[in-house]
Amino acid sequence: MKIKDKAEIIEKATEIIAFSGLDKLTMQSLGKELGLNKASLYHWYSSKEEILEAVFEEGHRKLMAKGFRLNLEGSTEEVLSRAASEWTKIFSDESLLPYLRAVYSLRYSDERAEEEARALSLMIRSQIDVIINSLGYQDTFISSLFASLLLLHLESILDGGEEDFIEDSESFAELLNHMDSR
């Protein structure tokens with residue numbers, strides 16, 4: 001097999017990390033998966049560490065390209081459901097799934113993965129803060145609770161879970177509406 005570009009190597013390396021673990025990523029195993037001998041990989045990358053750095057750079061680039069515009073129009077239920085749906089789409093996206101699985105599986109052992117997971121969490125929490133505040137709730141507990149539930153759901157997707165968080169976000173909206181009626 002002839003490698004056309006570095007993207008093929010990075011894609012395969014990301015898949016190995018995501019589905020087998022970082023310890024299974026070696027120049028030898030990567031070469032084997034690509035149908036190359038280990039020496040051929042050194043034409044493209046000088047080390048496993050250089051490949052790993054490229055995995056994080058490319059994954060982050062793809063992730064940032066998947067952003068969405070926050071729509072605050074509609075009822076509490078619609079706004080929360082829409083946000084949950086958009087994040088679910090990102091975490092379910094086949095082109096991002098291996099990278100996100102790699103990030104979350106390495107977040108306790110790799111500084112880059114920890115930073116990426118923390119940035120994602122902060123992005124989601126900040127967005128939920130904006131949503132909850134725009135809906136008229138100035139309660140950081142409510143915002144933190146919904147963000148935590150959403151993050152748990154998104155991590156579940158990475159573990160292969162398929163539960164529907166849209167229904168949970170609708171229930172959360174009902175709870176908020178119930179609080180308003182008191």
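- Within the structure, salt bridge (charged side-chain N to carboxylate O under 4.0 Å, His left out) pairs that include any residue of residues 75-91 comprise Glu86-Lys89 (at least two apart or interchain).
- The side chain to side chain donor-acceptor pair (under 3.5 Å) pairs that include a residue from residues 94-103 are Asp93-Ser95, Tyr99-Glu116, where partners are two or more places apart or lie in different chains.
- Connection of Phe146 to Leu70 is established within a shared hydrophobic cluster, with ILVMFWY side chains joined at heavy-atom distances below 4.5 Å, either directly or through further cluster members.
- Expressed to the nearest 0.5 Å, how far OG of Ser144 lies from CD1 of Ile132 amounts to 10.5 Å.
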### Query
Do Ile16 and Thr26 pass the side chain to side chain contact (heavy atoms under 4.5 Å, CB included) test, and can you show the C-alpha distance, the side-chain angles, and the key distance before you say yes or no?
CA-CA 9 Å; Ile16 291 170; Thr26 63; over 6 Å; no
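- With sequence neighbours excluded, the residues that form a side-chain contact (heavy atoms from CB on, under 4.5 Å) with Ser40 are Leu36, Asn37.
- Annotation: salt bridge (charged side-chain N to carboxylate O under 4.0 Å, His left out) contacts involving residues 37-51, sequence neighbours excluded, comprise Glu49-Arg112.
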### Derivation of the side chain to side chain contact (heavy atoms under 4.5 Å, CB included) call for Ser29 and Lys24
CA-CA 7 Å; Ser29 67; Lys24 300 295 184 198; 5.5 Å; no
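- With rounding to the nearest 0.5 Å, the separation of CG in Leu176 from OG1 in Thr76 is 6.5 Å.
- Counting all heavy atoms, side chain and backbone alike, Val79 lies closest to Gly74 at CG2-O, 3.9 Å.
- Between Phe165 and Leu149 the shortest heavy-atom distance is CE1-O, 3.7 Å.
- Minimum heavy-atom separation, Pro98 to Ala18: O-CB, 3.1 Å.
- Distance check, rounded to the nearest 0.5 Å: CD1 of Ile17 to CG of Leu52 gives 5.0 Å.
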Under 3.5 Å, which donor-acceptor pairs do the side chains of residues 123-130 form with other protein atoms, sequence neighbours left out?
| from | atom 1 | to | atom 2 | distance (Å) |
| --- | --- | --- | --- | --- |
| Arg125 | NE | Ser121 | OG | 3.3 |
| Arg125 | NH1 | Ser148 | OG | 3.4 |
| Arg125 | NH2 | Ser148 | OG | 3.4 |
| Ser126 | OG | Leu122 | O | 2.8 |
| Gln127 | OE1 | Trp87 | NE1 | 2.5 |
| Asp129 | OD1 | Ser143 | OG | 2.2 |

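- Atom-to-atom distance recorded for Leu100:CG and Lys62:NZ is 10.5 Å, nearest 0.5 angstrom.
- Residues Leu41 and Gly31 come closest through the heavy atom pair CD1-N, 3.4 Å.
- A search for side-chain contact (heavy atoms from CB on, under 4.5 Å) contacts involving Ser171 returns nothing, not counting sequence neighbours.
- Residue Lys6 qualifies as enclosed at atom NZ: its count of foreign heavy atoms under 6.0 Å is above 12.
- Residues that satisfy the side-chain contact (heavy atoms from CB on, under 4.5 Å) test with Ala83, not counting sequence neighbours, are Ile131.
- To the nearest 0.5 angstrom, Lys66 atom NZ is 5.5 Å from Leu96 atom CG.
- Across all non-hydrogen atoms, the minimal contact from Val55 to Ile10 is CA-CG2, 3.8 Å.
- In terms of the side chain to side chain donor-acceptor pair (under 3.5 Å) criterion, residue partners of Glu155 (sequence neighbours excluded) are, by chain and number, Arg107.
- Among residues two or more places apart in sequence or in another chain, the side chain to side chain donor-acceptor pair (under 3.5 Å) test is passed with Ser85 by none.
- Heavy atoms of other residues, nucleotides or ligands lying less than 6.0 angstrom from CD of Gln138 number more than 12.
- Applying the ring pair (Phe, Tyr, Trp, His ring centres under 6.0 Å) test to every pair with at least one member in residues 39-64, sequence neighbours left out, gives no pairs at all.
- When every heavy atom of Ala117 is checked against every heavy atom of Val103, the shortest pair comes out as N-CG1, 3.8 Å.
- When the side-chain contact (heavy atoms from CB on, under 4.5 Å) test is applied to Phe141, the partners found at least two apart in sequence or on another chain are Asp139, Leu145.
- With hydrophobic clusters built from ILVMFWY side chains whose heavy atoms lie under 4.5 angstrom apart, Tyr104 shares a cluster with Met64.
- Partners of Glu58 by side chain to side chain donor-acceptor pair (under 3.5 Å), not counting sequence neighbours, listed by chain and number: Arg61.
- Between the CD atom in Glu15 and the CD atom in Glu11 there is a gap of 5.0 Å [rounded to 0.5 Å].
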### Message
Evaluate Ile142 against Phe172 for side chain to side chain contact (heavy atoms under 4.5 Å, CB included), listing each step before the verdict.
### Response
CA-CA 10 Å; Ile142 291 171; Phe172 196 86; 3.9 Å; yes
### Message
side chain to side chain contact (heavy atoms under 4.5 Å, CB included), that's the test. Do Leu120 and Leu151 meet it? Break it down for me.
### Response
CA-CA 9 Å; Leu120 275 166; Leu151 283 162; 6.0 Å; no
